[in-house]
Amino acid sequence: MEHTPAPYGPRSVYGYALYIGSNMLFLLFLVWAVIPDQILHSLGLTYWPSKYWAVAIPIWALTALATFAFIIYPAINLTITPDINDIATIRDKHSYPKKETIPGGIPPVFDIPITEVCRKLYLTKKRSNKYC
């Protein structure tokens with residue numbers, strides 16, 4: 001079978017089961033977190049974890065998510081980014097080199113060479129008018 005993100009029979013069944021299961025677990029979590037222990041014990045439900053975990057687990061999960069989002073994920077991106085003097089930052093298989101244009105025609109799409117970008121951004125020419 002071809003790998004595609006489009007929905008098909010088994011994927012929709014698994015998705016629905018996951019949706020129902022996660023909603024049931026969330027409902028069970030809310031029952032455990034909100035209803036007092038005396039009521040749960042009177043229903044015959046005698047073993048439940050401490051109510052401390054009803055607060056601690058979401059806080060730990062959010063702390064882990066924030067750590068990943070603001071520290072780990074940017075660090076991974078910085079490690080896989082090529083250096084500025086690496087040839088991969090200049091050309092790759094998807095680059096469009098500058099081509100000849102027809103005078104008066106629409107210029108084709110192309111990548112601006114890194115040398116031209118640096119020249120425009122960082123090199124200054126002494127001019128009489130500072131806004132030109």
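In this text, all values refer to a predicted model and were calculated from it rather than measured experimentally.
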Between atom [atom1] of [X] and atom [atom2] of [Y], what is the distance when rounded to the nearest 0.5 Å?
X	Y	atom1	atom2	answer
Leu123	Glu116	CG	CD	12.0 Å
Ile35	Leu45	CD1	CG	9.0 Å
Leu62	Thr67	CG	OG1	10.5 Å

Identify the heavy atoms of [X] and [Y] that sit nearest to each other, and give their distance.
X	Y	value
Pro108	Thr101	CD-CG2, 3.3 Å
Ile76	Thr79	O-OG1, 2.7 Å
Ala54	Ala33	CB-CB, 3.7 Å
Lys51	Leu40	NZ-CD1, 4.4 Å

Between Ser50 and Tyr52, is there a donor-acceptor pair closer than 3.5 Å when you use the side chain of the first and the backbone of the second?
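Confirmed, Ser50 side chain pairs with Tyr52 backbone.
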Just by distance, do the side chain of Asp111 and the backbone of Pro97 share a donor-acceptor pair under 3.5 Å?
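Flag not set: sc Asp111 to bb Pro97 has no pair under 3.5 Å.
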Can you tell me if [X] has over 12 outside heavy atoms packed within less than 6.0 Å of its [atom1]?
X	atom1	result
Tyr73	OH	no
Lys98	NZ	no
Ile102	CD1	no
Ile112	CD1	no
Ile106	CD1	no

Report yes if the side chains of Trp32 and Pro49 come closer than 4.5 Å at any heavy-atom pair, otherwise no.
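Contact flag for Trp32/Pro49 side chains = yes.
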Indicate yes or no: at least one non-hydrogen side-chain atom of Phe29 is less than 4.5 angstrom from one of Pro58.
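Touching, per the 4.5 Å side-chain cut-off.
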Hydrophobic clustering (ILVMFWY, side-chain heavy atoms < 4.5 Å, transitive) - are Ile57 and Leu28 grouped together?
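Yes; tracing contacts between hydrophobic side chains, which count when under 4.5 Å, links both residues.
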Tell me whether Val31 is reachable from Ile39 by hopping between hydrophobic residues (I, L, V, M, F, W, Y) whose side-chain heavy atoms are closer than 4.5 Å.
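Looking at the clustering, Val31 is in the same group as Ile39.
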Report the C-alpha distance between Asn23 and Tyr19 in whole Å, list the side-chain angles of each, state the deciding distance to 0.1 Å, and finish with yes or no for side-chain contact (heavy atoms from CB on, under 4.5 Å).
CA-CA 6 Å; Asn23 280 335; Tyr19 172 74; 3.2 Å; yes
Would Trp48 and Trp53 count as a close aromatic pair, with their ring centres under 6.0 Å?
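Not under 6.0 Å, so no.
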Residue among Ile20, Val13, Leu18 satisfying side-chain contact (heavy atoms from CB on, under 4.5 Å) with Tyr16
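Output: one option passes, namely Ile20.
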